[in-house]
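Small disclaimer: the values here were computed from a predicted structure and weren't measured. Excluded from the calculations below are hydrogen atoms, water molecules and symmetry mates; all remaining heavy atoms, backbone and side chain alike, are included.
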Amino acid sequence: MADRHAVKLEIGGEELTIRSELPPEYTREVAAHFDRVLRGIRASMPTVEAHKAALLAGLAVTDELFQGRRGDADAARRLDVLATELTRALPSTRRGAASGSDGEG
């Protein structure tokens, strides 16, 4: 089992300690990002209750995750199309070399 690190954080004005196998710097970076999102929500909606602001921040961060995944999938599809077009553009003798085959069967 990997070493667990105890990291003291402040999120939304609350101090807490997180124990994680991840590097402390990474845990701090993740917490800082969430805290920035939470502060942005609180600034734009100052009358919202703290727990509801935290839920909205969680939704906002999850949206970022989903948008990133969608972007990654779109990029992968575009690369597949380009690879297919490049394969078709190569002469047939070069296609075998490009895929690691020497053309002999």
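Looking at Arg4, its side chain does come within 3.5 Å of a backbone N or O of Arg19 through a donor-acceptor pair. Of the possible donor and acceptor atoms, one in the side chain of Asp35 sits under 3.5 Å from a partner among the backbone N and O of Gly12.
Under the 4.5 Å side-chain heavy-atom criterion for ILVMFWY residues, no single connected hydrophobic cluster contains both Leu55 and Ile11. Cluster annotation: Ile41 is not connected to Val30 through the hydrophobic network of ILVMFWY side chains, with a link wherever side-chain heavy atoms come within less than 4.5 Å.
Counting only heavy atoms from C-beta outward, the side chains of Leu16 and Glu10 never approach each other to under 4.5 Å. Side-chain contact between Gln67 and Arg70: present, with at least one pair of heavy atoms (C-beta onward) separated by less than 4.5 Å. Contact of the His5 side chain with the Ser20 side chain is not registered, since no non-hydrogen atoms from C-beta on lie closer than 4.5 Å. Residues Glu21 and Asp3 are not in side-chain contact: their nearest non-hydrogen atoms beyond the backbone lie 4.5 Å or more apart. Taking 4.5 Å as the limit, some side-chain heavy atom of Leu9 sits within range of a side-chain heavy atom of Thr27.
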Mind running side-chain contact (heavy atoms from CB on, under 4.5 Å) on Val7 and Thr17 for me, showing each step along the way?
CA-CA 5 Å; Val7 182; Thr17 300; over 6 Å; no

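A salt bridge is absent between Arg78 and Asp74; no separation between the charged side-chain nitrogens and carboxylate oxygens falls under 4.0 Å. Arg77 and Asp80 are not joined by a salt bridge, as no carboxylate oxygen comes within less than 4.0 angstrom of a charged side-chain nitrogen.
Of the inter-residue distances, the one linking Arg39 atom CZ with Arg42 atom CZ reads 10.5 Å to the nearest 0.5 angstrom.
In plain terms, the two heavy atoms of Val48 and Ala53 that are nearest each other are CG1-CB, 3.8 Å. Minimum interatomic distance between Gly58 and Phe34 (heavy atoms only, all atoms of both residues): N-CE1, 3.6 Å.
Applying the salt bridge (Lys or Arg N to Asp or Glu O under 4.0 Å) definition to pairs two or more places apart or across chains, those involving residues 46-64 are Glu49-Lys52.
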